[in-house]
Amino acid sequence: MEPIQFISDHFIEEKCNFKELIERLRAGFSTSDIKVPMRHHHDYSNPEESKDSTLLLMPAFQAGKDLGVKIVTVSPNNGKYDLPSIQGTYIYLDGHKGNIKAILDAKSLTGKRTAATSALASSYLSRKDASSMLMIGTGALAVNLIQAHASVRPIKEVYVWGRTFEKAQLVCDALKNSSLICKPVSTIVEVISKVDIISAATLSPVPLVLGKWLRAGQHVDLVGAYKKDMREADDETVLKSSLFLDTYQGGLKESGDILIPLTNGIITKENIKADLFELCSNAKQGRTSYDEITYFKSVGHALEDLVAAGYFYEEYI
């Protein structure tokens, strides 16, 4: 039996080419060969923190080829222990024989595939001439989202907002060797109406993107707010936008950004224009006008992990 390979975060960070990964994901979402059961989402009590933690199990398989499952925990208070709030491992197996081919650090795998998925959506939903971006959030996803979006659109200027100005500055510092002009900002409102793409990746329980600030032609990319009672954009944003999801399977059930306005009757399921399966297979259209505001909600999907694991495994061997 071949030895199990261990693919580290460092390798994934060094070897990721967003343009290549995005095209692999485009191919993955355009096929019906990859089967993805509904992910297991289990909140469990964490008495020391007086706040629940979450266990996520995300399986996917392509018959006779690939099989994989990601095991993730989310512990929101981990910052005080100098640990990431999201931790995980990906187990990548041979879909024919069932043996484990590789174990991948899930931190970078998830960051890269999540950012690439948002950029994949942006390739259908943002203006082709989008040249500016606001990044809301300063976690591990921030730099990845900026780089991924910049790989599909001619982005030149990036603004970063976080809970502290210092954290926003650190994101900009990480991009100092790129061609992007990156500036930290003290408030969201000072730049949100000026940019072409707004990306948010936070654990905020209350909306940070307000519809009253939006202007015609913008694209809103929502990646955080992974629980049913969390949201990053308000009802006015939803009502002003054309709505798209990564998948109906998760998007209609797991995140407050869609579930709360659905439950409150602000929107219906019919208001959702398309998911990535429909966009990538050309079954439905993305942006239809220059002035349209587009809204993409990503909750994550195990297809993305399996495709990304295959990509990095091939790079590794």
Side-chain angles (χ1 to χ4, degrees), residues 29 36 38-39 41 43 51-52 54 56 74 76 114 117-118 120-122 124-127 133-137 139 141 145 149 161 188-189 192-193 195-279 283-289 291-301 304:
F29 275 107
V36 180
M38 189 69 183
R39 75 177 178 182
H41 185 134
D43 293 329
K51 180 181 282 191
D52 282 357
T54 303
L56 301 171
V74 184
T114 302
T117 299
S118 279
L120 173 63
S122 181
Y124 295 98
L125 302 178
S126 65
R127 288 175 171 174
M133 175 181 176
L134 167 62
M135 183 69 238
I136 299 173
L141 272 172
L145 282 162
H149 277 291
W161 178 87
I188 293 171
V189 66
I192 191 169
S193 63
V195 297
D196 299 315
I197 295 173
I198 301 152
S199 185
T202 73
L203 297 176
S204 177
V206 296
L208 297 170
V209 177
L210 305 185
K212 65 182 180 181
W213 296 334
L214 300 182
R215 62 165 172 79
Q218 289 181 305
H219 172 56
V220 179
D221 169 46
L222 303 178
V223 183
Y226 67 97
K227 296 175 84 170
K228 296 177 181 179
D229 59 350
M230 301 167 73
R231 61 191 306 192
E232 293 181 304
D234 67 353
D235 286 344
E236 189 174 345
T237 301
V238 171
L239 289 169
K240 291 175 82 167
S241 304
S242 297
L243 307 177
F244 299 85
L245 303 173
D246 53 355
T247 70
Y248 293 112
Q249 183 190 57
L252 293 173
K253 297 177 181 178
E254 294 194 31
S255 170
D257 273 309
I258 295 294
L259 188 60
I260 292 172
L262 267 177
T263 302
N264 293 340
I266 302 298
I267 58 170
T268 66
K269 291 180 182 178
E270 288 68 37
N271 292 117
I272 310 297
K273 300 286 187 182
D275 72 356
L276 278 176
F277 288 103
E278 293 169 328
L279 292 175
K284 291 188 179 178
Q285 194 172 356
R287 173 175 289 272
T288 57
S289 74
D291 289 335
E292 183 179 11
I293 297 173
T294 52
Y295 176 118
F296 176 68
K297 178 59 198 174
S298 171
V299 298
H301 194 248
E304 301 160 17

Is a donor on one side and an acceptor on the other found under 3.5 Å between the side chain of Q218 and the backbone of V195? yes
The test is salt bridge (Lys or Arg N to Asp or Glu O under 4.0 Å); show your working for R215 and D196 and say whether it passes. CA-CA 9 Å; R215 62 165 172 79; D196 299 315; 3.2 Å; yes
List the atom of A225, the atom of E232, and the distance in Å for their closest heavy-atom pair. CB-CG, 3.8 Å
I'd like to know whether I272 forms a side-chain contact (heavy atoms from CB on, under 4.5 Å) with L252, so could you lay out the CA-CA distance, the side-chain angles of the two residues, the decisive distance to 0.1 Å, and finally the verdict. CA-CA 9 Å; I272 310 297; L252 293 173; 4.2 Å; yes
Taking P205's backbone N and O only, do any of them form a donor-acceptor pair with D229's side chain (distance below 3.5 Å, no angle check)? no
Q249 side, atom CD; D275 side, atom CG - distance, nearest 0.5 Å: 10.0 Å
Heavy-atom pair with the smallest gap, counting every atom of V238 and D257: CG2-O, 4.2 Å
For residues L203 and M230, determine if any side-chain heavy atom of one lies less than 4.5 Å from a side-chain heavy atom of the other. yes
Ignoring hydrogens and geometry, is there a side-chain-to-backbone donor-acceptor pair from D246 to G251 under 3.5 Å? no
Could you go step by step and tell me if K212 and E236 meet the side-chain contact (heavy atoms from CB on, under 4.5 Å) rule? CA-CA 7 Å; K212 65 182 180 181; E236 189 174 345; 3.9 Å; yes
Would S122 and I197 count as a side-chain contact (heavy atoms from CB on, under 4.5 Å) if you check the C-alpha gap in whole Å, the side-chain angles of each, and the deciding distance to 0.1 Å? CA-CA 9 Å; S122 181; I197 295 173; 3.9 Å; yes
So, S241 side chain and Y295 main chain: donor-acceptor pair closer than 3.5 Å or not? no
Measure the spacing between CG of L141 and OG of S199 and express it to the nearest 0.5 Å. 8.5 Å
Answer yes or no: is there a donor N or O on one side and an acceptor on the other, between the side chain of K240 and the main chain of G211, under 3.5 Å? yes
Could you tell me which residues satisfy side chain to side chain contact (heavy atoms under 4.5 Å, CB included) with L259, sequence neighbours excluded, listed by chain and number? K228, T263
With rounding to the nearest 0.5 angstrom, report the CG to CZ distance, L125 to R287. 7.5 Å
Gap between atom NZ of K297 and atom CG of D221 - 0.5 Å precision: 9.0 Å
To the nearest 0.5 Å, atom CG of L245 lies from atom CZ of F296 at 7.5 Å
If we count only N and O atoms by modelled type, under 3.5 Å, do the side chains of Y248 and E278 hold a donor and an acceptor together? yes
NE2 of H219 to CD1 of I293: how many Å apart, nearest 0.5 Å? 12.0 Å
Measure across S204 and V206 and return the closest heavy-atom pair with its distance rounded to 0.1 Å. OG-O, 2.6 Å
Nearest heavy-atom contact between L145 and A201 is CD1-CB, 3.8 Å
Minimal non-hydrogen separation, D235 against P261, with atom names: OD1-CB, 4.0 Å
Taking atom NZ of K253 as the centre, report whether more than 12 heavy atoms of other residues, nucleotides or ligands fall under 6.0 Å from it. no
Of the non-hydrogen atoms in G256 and R231, which two are nearest, and what is the gap between them? C-CB, 4.0 Å
With sequence neighbours excluded, residues passing ring pair (Phe, Tyr, Trp, His ring centres under 6.0 Å) with F277: F29, H301
Test your reading of the model: is there a side-chain donor-acceptor pair from S255 to the backbone of I258, 3.5 Å cut-off? no
Looking at residues at least two apart in the chain, or sitting in another chain, which of them share a side chain to side chain contact (heavy atoms under 4.5 Å, CB included) with I192? L134, I188, I198, V209, W213, L214
